[in-house]
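In this text, all values refer to a predicted model and were calculated from it rather than measured experimentally. In what follows, residues are counted from 1 in the order of the sequence shown.
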Amino acid sequence: MKFSVITPLFNKAPYVAKAIESVLGQSYDDYELIIMDDGSSDGSYEVASKAIEGHGNCHLYRQENAGVSMARNNAVALSQGEFLCFLDADDWWAPTFLEEISSLIEEFPEAGIYGTNYTIVNEAKRKTHVAHVGVEQGFEKGYINYCQVYAKTLAMPLWTGSVCMPRKVFEEAGGFPKGIKLGEDFMLWIRIALKHKVAFLNRPLAYYNQDVDASNRGVGHLNKPEEHMLWNLGFLAEEEKCNPDYKRLIDKLRTYGLYPYFLSKEYHEAAMVELNKVDWENQPLKTRRLYKQPLALLRMQSELRKAASLAKNRLYRSLN
């Protein structure tokens, strides 16, 4: 068996059938689907069970709620494929995803991780678009410098629903980190990308669904520092000192990702610990000016933007 498709499932009853159907509809059939229900309470397990009826290559398991990393890791342990793909229960694939990933593997066998471009779906805001990954114009496929490409636009060149990796590479990297709720995927990708080649196909073959209830997503709210990747990258401290590509990327992720925490009264001091690691001389002038503004002014501006956004959303709902 070539591919094991790993799907963690937690309270995604309205979406999981579409995700499963997109796997069952693949033009490439040498795969198994392993679904790990992470203690859902909304009927997700029952929906998934019905969706895979009659498909002997699809398996559904249950565990007590332990988080998405453990759901994926435990599903991997129950799988058999030579290569691992990951599809969350609210996302879906184009019909040729596995076929084209298989071709990418054959053409670039030295890679430790493979990825394709993807479409970001946000119908509520009418902003569905192909991710603006920072590859060169005209790039079709090949090996990429993951850190350079990611830092260019901060659009993830490796997104969970569009990656594939050899099982042995996943195991060597230790799988997804337990307890991390935001960026657990990046923490695995970066371990791999710093040691192995990264092959990328610049075709949007997966769909990243952002129309899911924000309470059921890892983004959209402030995670505790112990649950956030940016406070848990100490294992790469030496890499930060000697690898300028990684340093540029991680500083850019810090200045972008920690801004809401910088504004927060609860997490401001914790954010400053990480922001003090940034090489500010190499940050864009706009970023440096932003962080130098009075904190009280920045907080007031943030609250005004939130109020305007809420008003806009209410108006949109009333018109639809």
Side-chain angles (χ1 to χ4, degrees), residues 1-12 15-26 28-40 44-45 47-49 51-52 55-94 97-102 104-105 111-116 118 156 158-178 180-181 183-189 191-192 205-209 212 217-218:
M1 184 176 299
K2 189 162 189 177
F3 294 108
S4 290
V5 181
I6 306 301
T7 296
L9 174 60
F10 179 70
N11 289 349
K12 298 289 177 62
Y15 311 99
V16 64
K18 183 173 184 176
I20 292 171
E21 288 166 6
S22 78
V23 178
L24 298 178
Q26 289 296 298
Y28 188 97
D29 61 5
D30 189 10
Y31 71 88
E32 64 176 352
L33 172 61
I34 308 294
I35 305 169
M36 180 61 72
D37 183 89
D38 189 32
S40 294
S44 290
Y45 182 92
V47 173
S49 180
I52 65 172
H55 298 278
N57 61 339
C58 300
H59 309 282
L60 174 62
Y61 300 93
R62 257 179 175 160
Q63 66 178 31
E64 291 186 8
N65 183 256
V68 67
S69 289
M70 292 308 297
R72 292 188 186 123
N73 291 344
N74 290 338
V76 169
L78 293 165
S79 69
Q80 301 178 38
E82 180 185 359
F83 291 89
L84 304 172
C85 299
F86 302 91
L87 181 66
D88 285 356
D90 49 358
D91 302 316
W92 62 94
W93 284 340
F97 177 80
L98 288 179
E99 180 181 354
E100 297 196 51
I101 279 287
S102 181
L104 192 67
I105 291 170
I113 190 167
Y114 301 84
T116 78
Y118 51 95
M156 301 173 289
L158 296 176
W159 165 63
T160 310
S162 64
V163 301
C164 177
M165 71 190 69
R167 175 183 295 274
K168 62 181 181 180
V169 172
F170 177 87
E171 293 172 347
E172 288 170 0
F176 292 95
K178 182 180 179 180
I180 303 298
K181 294 184 177 180
E184 78 291 335
D185 46 1
F186 171 78
M187 291 179 71
L188 177 57
W189 311 158
R191 283 181 186 272
I192 296 171
L205 299 174
Y207 295 84
Y208 181 11
N209 181 17
V212 180
R217 297 179 62 209

| query | Which heavy atom of S102 sits nearest a heavy atom of K2, and at what distance? | reply | OG-NZ, 2.8 Å
| remark: What one should report as the nearest heavy-atom pair of S40 and L9 is OG-O, 3.5 Å
| field | L84 CG to C164 SG distance, which is reported to the nearest 0.5 Å | value | 7.0 Å
| said: With heavy-atom distances below 4.5 Å as the criterion, would you say the side chains of T116 and I101 are in contact? | reply: yes
| remark: Taken in chain and number order and not counting sequence neighbours, the residues that satisfy side-chain contact (heavy atoms from CB on, under 4.5 Å) with L24 are I20, Y31, H55, C58
| query | CG of L33 to CG of L87: how many Å apart, nearest 0.5 Å? | reply | 8.0 Å
| said: How long is the straight-line distance from CD1 of I6 back to CG of N73, given to the nearest 0.5 Å? | reply: 10.0 Å
| said: Are I105 and Y114 packed together at the side-chain level, in the sense that at least one heavy-atom pair is separated by less than 4.5 angstrom? | reply: yes
| query | Taking only residues two or more places apart in sequence, or in another chain, which ones meet N65 in a side-chain contact (heavy atoms from CB on, under 4.5 Å)? | reply | F10, D38
| With a 4.5 Å heavy-atom cut-off, do E100 and Y28 have their side chains touching? | no
| request: Check step by step if side chain to side chain contact (heavy atoms under 4.5 Å, CB included) holds for Q26 and V5. | output: CA-CA 12 Å; Q26 289 296 298; V5 181; over 6 Å; no
| CA sep, side-chain torsions, deciding dist, call: L188, F170, side chain to side chain contact (heavy atoms under 4.5 Å, CB included) | CA-CA 8 Å; L188 177 57; F170 177 87; 3.8 Å; yes
| task | For a side chain to side chain donor-acceptor pair (under 3.5 Å) with K12, tell me which candidate from D37, T7, D91, D90 qualifies. | result | D90
| Spacing of E99 atom CD and D29 atom CG [to the nearest 0.5 Å] | 10.5 Å
| task | Examine F3 together with F97 and report whether their ring centres are nearer than 6.0 Å. | result | no
| Would you say the ring centroid of W92 lies under 6.0 angstrom from that of Y208? | no
| remark: Taken in chain and number order and not counting sequence neighbours, the residues that satisfy side-chain contact (heavy atoms from CB on, under 4.5 Å) with A206 are W93, Y118, W159, S162
| remark: Between A89 and A19, the two heavy atoms sitting closest are O-CB, 3.6 Å
| query | Applying salt bridge (charged side-chain N to carboxylate O under 4.0 Å, His left out), which residue pairs with at least one partner in residues 68-77 are found, sequence neighbours left out? | reply | R72-D88, R72-E184
| note | salt bridge (Lys or Arg N to Asp or Glu O under 4.0 Å) filter on R62, not counting sequence neighbours, yields E46
| task | Could you check if a side-chain atom of M187 sits within less than 4.5 angstrom of a side-chain atom of I180, using non-hydrogen atoms only? | result | yes
| message | Quick check: closest heavy atoms across V68 and P8, and the distance to 0.1 Å? | response | CG2-CG, 3.8 Å
| message | For the CD1 atom of I52 and the NE2 atom of H59, what is their distance to the nearest 0.5 Å? | response | 8.0 Å
| request: Grab the two heavy atoms, one from L98 and one from C85, that are nearest each other, plus how far apart they are. | output: CD2-SG, 3.8 Å
| message | Parallel, tilted or perpendicular, judged at 30° and 60°: which one describes the rings of W189 and F86? | response | tilted
| Can you tell me how far the OG1 atom of T160 sits from the CG atom of D185, to the nearest 0.5 Å? | 3.5 Å
| task | Please list, chain by chain and in numerical order, all residues satisfying side-chain contact (heavy atoms from CB on, under 4.5 Å) with V47, sequence neighbours excluded. | result | A13, V16, A17
| Within the side chain of R191, is there an N or O that forms a donor-acceptor pair under 3.5 Å with the backbone of E172? | no
| Taking every non-hydrogen atom, the tightest pair across N74 and Q63 | ND2-OE1, 2.8 Å
